[in-house]
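Below: the structure, in C-alpha cells.
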Amino acid sequence: MKNFFNYKQLKQVIRMFGGFIPLNICTQYHKDRGNEYHCNTVMTFDTETTTVFKYPNGIWDRYHYCFDSKNYDKKQPFFTVDYNKLDVHTLVYLWTFSIYTDKWDVTFYGRTNEEFLAFINELKEQIEKQERREVIIYIYVHNLAFDFTNSLENIFKFKKVFARKSHKVIYCETENNIVFRCSYFLSNSSLANVSKENKKYKKITSFSDYNEVRTPATDIFDVLEYACFDTLSLAEYIERERKYYKYIYKIPLTSTGKLRRAVKEANTGNVKAYNRDKASVPTLDMYEILLKVFQGGDCHANSLYVGDDVEDVDSFDRRSSYPAVMISKKYPCEPFFEENPNDWEKYLNNSEYCSIGLYEFSDIHYKKILPYIKSSKCEIIKKCRYDNGRVFNAEYVKIWLTDVDVVQVLKCYRIKSVRCERLFTSHKEYLTDTERMFILDCYWDKTTLKGIESEKENYMRKKNYINALFGREVQRPVDIETTFDNESGEWEEKEPAVEQIEDRLNYLKEHSKMTMYARGVFVTAYARQELLRGIEIFGENHIYNDTDSAKGILTPEILKKFYLLNKKLIEELRDACSSPEMFKKCFPKDSKGRYQILGTWEHETYRNKYDLFKTFGSKKYLDSRQGNFEMTISGLSKKAADNYKYEDVKIGTLFTSDKSGRTLAIYQTDQPTANIQGYISEQKRSLSIQPTTYRLGYSDEYFDFLQFITRKEE
C-alpha cells in the first residue's frame, strides 16, 4: 500500500516527484476566447458512505433486516419498524482520489467532504503554480449521480450541470474549472466489468458489509484497499480511453457519443448520407408525430401459459436484431409529405415508400400470434379489454402507426373497419454502403475477436458500438430541459418550449449528425416485424417473447420452419447487400469456428432445454435447466435467485429486503443532523440507498383478464 497517501501528504508526494508533479497539459484553441489549457493526465474520484436510521429509541443505527415488519411478520422476536417513517441520514466516511499514468500512479484518501475540498483546491493550485496558467482539470467518477449528491454538491458551486434526467448527472463543472465526468455513462457498464480488461488494477468485488456503520472517526483498515482499487481500476480504464482519443477533453461523454464519433469518422466524405440526413430533419409538426409513432421492443407472455409450470421449453434468439434490420431493410431518405389518407393501403408492403399514419380501428378483436397494440401508445381507446397493457379487444382504437406496424395489426386482429385519418409518406432506400459496412465491420469484429486475449480492447469497443447502434438512432433530437439549483439543491424537469425545439431542428439542418430519428422509428418497427415471424412459427406453442427472442414448446415441424425461415433470411440479406464483399461480412465465425449469421435465429436451447419454465407476465419469468435456477423479474436483482428455489416462487411470494437486491433511493436536501456512535454528522444533502422488499403479483386488471381467459378456454 506504498502508493496510498493521506490527503495531507500531498506536499510530501510532490517532493517525492522533485517538487513538480509530472502532468501532461494540452492546449485547445478557441477563436472567441483564445487558448484553454487542459490537464491531460487521468484523475478519478470515489466515495464510501454509511446510511443510518433514527430508531424509536433515539439511536441512529444501520438498516436491520429483522426489524422490517414487511419481511418477518410472524417470525419477529423483536420490535418492528416502518422504515418509511424513520429519519434517514447518509454521510461520506471515506474518499479516494487517484492520479494515473502508465509509468506511475498515486492515490490519496481522506475522511470528509471538507477534506476533499481542501485537497482538490490545493492540488489545482499546485498544478497552476507549476504551469503558470489556469488549467482545467478533469476527474472521472463511476456513477457520478451518487457522488454528486453525497459529496460534490455539499462543497462546490457549479457553473454548469448537465443531466438528461433529474439527479442523473453526466458531467458538472465547478466555478473554479474542475470538471467531473461520469464514467458509467461513458462505458455503460459496471466498474467490475470495465476493469476486467485491465492489466494492473481490477475492482475488488468482495466487501465485508455495506450496511455496517462507519464514520470519519472509524478505523478504515479493512476498507481502504477496496476503496483505493475502485479509483485505480477506473483510472486504468480511462487511461485506455485517453490514449484512444489522445486528449481527455476529447473523450465523448457517453457510450452513444463514442459510437457517434466513430460513425462520423467512418462516413467522412459520404456526401449522399450527409445530404440525406440534412434534408430530412423534420418540421415541428412531424417531429411531434414521430414521437407518438415510436415504440420500443416487444415483450409479452402468452396469457394461456401465465402461471403454469411448462416442461421442456425451447428458446430461439435472433442474432443482433437491430443491426440486422439496419442492413436488410429500407429507411426514409427524404422528408415526409402528407398524402390522401384514403390511399393508406397502397403504401403497405410498398418497395419504394414507407408511411406513417393516424389509424382508427372499430370493433377490433385479437385473432392470433399475440395482442400487438400497446395501449400506452393509443390516442383514444373505448371499451377495451387489456392483456397486460395490450389491446385484446376494443370497440374503438385510435393510434399512430408505421406501415410496418399496420401490417402486423391486420395479421393479429380481426377488425370490422379501418380508417386512416392522416397519412405521411417518404421515399425509402437502404442505408449507404459506407454506413452498412461500418455496421458489418463492427459485427464481424465483435464475433471474431471474442476470446482473443490480444484483441480484448478492440473486441469490447466493437461490442459496445453494436450495442449502442440502436440507441444512437432513437435518441431524441431535443431533450427534456433539466436544471439544477445550486442554492436549494432542487432539480427541475420541463419540456422544451416550441421555440427551443424549432431552434434545435434548425441547428440540425445546418449540422448533420449522421443520424435521423425517423430512421430509428422504423428500426424498431422492423425488429418487431421480424420477431413476429419467429412467434408465428411457434403458433399456439408460443409461451413468451422478448425484443429478440421467442420461447415455446418445440416440435419437429416447428424446428423445420425455423430452418426454412433462416434460409429465407439469408436470401433477404443477399438481395439487400450491394456486393459479394458486403454479403460475406454477414457470415463471421466465432472462436469455435461456428458461423454467426447476422439476423438469423439461433436455437439457444439446442443442447439443453429449459426443464421447467414459468412466466407471470412481461419481464417476469423463471427457468430451471440442469438444476440451475434463474429468475428474471423486473425490479429484482438477478442474484435474488441464489436465495430461492424454483418451487418457492409463485404469486404472492415476498422477496425480503435481505434477499431481493431491490433498493429504494431517498434524496434529501436538508437531512437532519445525526449523532452516530458519538460522531456528529451535519452533512445536509444526500442520496440514501435503502434495501426494500418486493411482492410478486398481478395487477387487478391483469388478474381479471387471466380469469376471463381461463373461463373462455373452459
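- Surrounding NZ of Lys684 are more than 12 heavy atoms belonging to other residues, nucleotides or ligands, all under 6.0 Å away.
- Side-chain atoms of Ser195 and Ser233 include no donor-acceptor pair closer than 3.5 Å.
- By the 30° and 60° cut-offs, the orientation of the rings of Tyr201 relative to Tyr100 is perpendicular.
- A salt bridge is absent between Lys54 and Asp87: the closest approach of a Lys/Arg side-chain nitrogen to an acidic carboxylate oxygen does not fall below 4.0 angstrom.
- Aromatic ring orientation, Phe438 versus Tyr465: tilted (interplanar angle from 30° to 60°).
- Atom NZ of Lys202 sits in a crowded spot, with more than 12 heavy atoms from other residues, nucleotides or ligands closer than 6.0 Å.
- Classified by interplanar angle (parallel below 30°, tilted 30° to 60°, perpendicular above 60°), the ring pair Tyr247/Tyr249 is parallel.
- Remark: Asp219 does not engage Arg214 in a salt bridge, criterion side-chain N to carboxylate O under 4.0 Å.
- Put simply, the residue from Tyr171, Phe185, Phe148 that forms a ring pair (Phe, Tyr, Trp, His ring centres under 6.0 Å) with Phe162 is Tyr171.
- Side-chain atoms of Asp485 and Ser488 form a donor-acceptor pair, as typed in the model, at a separation below 3.5 Å.
- Heavy-atom minimum distance, Gly471 versus Thr256: C-CG2, 4.3 Å.
- When each of Trp95, Phe5, Tyr109, Phe45 is tested with Phe119 by the rule ring pair (Phe, Tyr, Trp, His ring centres under 6.0 Å), just one qualifies, namely Trp95.
- There is a side-chain donor-acceptor pair under 3.5 Å between Thr218 and Thr215.
- There is no side-chain donor-acceptor pair under 3.5 Å between Thr96 and Asp46.
- Residue Thr149 comes nearest to Ala145 through the heavy atom pair OG1-O, 3.1 Å, listed as atom of the first residue, atom of the second, then distance.
- Annotation for Tyr245: atom OH counts as buried by contact number, over 12 foreign heavy atoms lying within 6.0 Å.
- Judged by distance alone, the side chains of Thr41 and Asn24 never bring a donor and an acceptor atom under 3.5 Å apart.
- From Asn150, atom CG reaches atom CG of Leu91 across 9.0 Å, with rounding to the nearest 0.5 Å.
- In this structure, a donor-acceptor pair under 3.5 Å is present between the side chains of Tyr55 and Tyr83.
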Between Tyr644 and Phe655, does a ring-ring contact (aromatic ring centres under 6.0 Å, His included) hold up when you go through it step by step?
CA-CA 9 Å; Tyr644 296 86; Phe655 295 89; 4.9 Å; yes
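- You'll find the ring centres of Phe616 and Tyr621 outside the 6.0 Å limit.
- Counting heavy atoms from C-beta outward, Val92 and Thr112 have side chains that stay 4.5 Å or more apart.
- Comment: Glu153 engages Arg685 in a salt bridge, judged by a side-chain N to carboxylate O separation of less than 4.0 angstrom.
- Around the NZ atom of Lys456, the shell of radius 6.0 Å holds more than 12 heavy atoms that belong to other residues, nucleotides or ligands.
- Counting heavy-atom neighbours within 6.0 Å of Lys159 NZ, excluding the residue itself, gives a total above 12.
- For Lys638, the NZ atom counts as densely surrounded, since its 6.0 Å shell holds more than 12 non-hydrogen atoms of other residues, nucleotides or ligands.
- Using modelled atom types and a 3.5 Å distance limit, the side chains of Glu493 and Thr482 yield no donor-acceptor pair.
- With 3.5 Å as the limit, one finds no donor-acceptor pair spanning the side chains of Asn121 and Lys124.
- With respect to the salt-bridge test (charged N to carboxylate O, under 4.0 angstrom), the residues Arg261 and Glu265 do not qualify.
- Side-chain N/O atoms of Tyr184 and Ser189 include no donor and acceptor closer than 3.5 Å.
- Cation-pi check for Arg62 over Phe53 is not met; the charged atom does not lie both under 6.0 angstrom from the ring centroid and within 45 degrees of its normal.
- Contact record, Tyr459 with Asp445: CD1-O, 4.3 Å, taken as the closest heavy-atom pair.
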Thr90/Thr49 under side chain to side chain donor-acceptor pair (under 3.5 Å): CA gap, chis, key distance, verdict
CA-CA 7 Å; Thr90 294; Thr49 63; 5.9 Å; no
Show, in sequence, the C-alpha distance, side-chain angles and deciding distance for Ser686 and Gln671, and conclude whether the side chain to side chain donor-acceptor pair (under 3.5 Å) test is met.
CA-CA 7 Å; Ser686 68; Gln671 66 177 355; 2.8 Å; yes
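- A pairwise comparison of heavy atoms in Asp147 and Val141 identifies OD2-CG1, 3.2 Å as the closest pair.
- Residue pairs meeting the salt bridge (charged side-chain N to carboxylate O under 4.0 Å, His left out) criterion with at least one member in residues 94-106, sequence neighbours excluded, are Asp102-Lys243, Asp105-Lys200.
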Test side chain to side chain donor-acceptor pair (under 3.5 Å) on Tyr322 and Thr547 and set out the steps.
CA-CA 10 Å; Tyr322 288 142; Thr547 304; 4.9 Å; no
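- In plain terms, the two heavy atoms of Val169 and Cys182 that are nearest each other are O-CB, 3.7 Å.
- For the pair Ile439 and Leu469, the minimum side-chain heavy-atom distance is below 4.5 Å.
- The nearest pair of heavy atoms linking Ile680 to Thr673 is CG2-CG2, 3.7 Å.
- Enclosure of atom CD in Glu630 is not indicated, since only 12 or fewer non-hydrogen atoms of other residues, nucleotides or ligands lie within 6.0 angstrom.
- Remark: the Ser681 side chain and the His89 side chain contain an N/O donor-acceptor pair separated by less than 3.5 Å.
- Within 6.0 Å of the NZ atom in Lys157, the count of heavy atoms belonging to other residues, nucleotides or ligands exceeds 12.
- For Arg181 and Tyr140, the side-chain atoms include at least one donor-acceptor pair closer than 3.5 Å.
- Lys258 has a carboxylate O that lies under 4.0 Å from a charged side-chain N of Glu241, or vice versa, which qualifies the two as a salt bridge.
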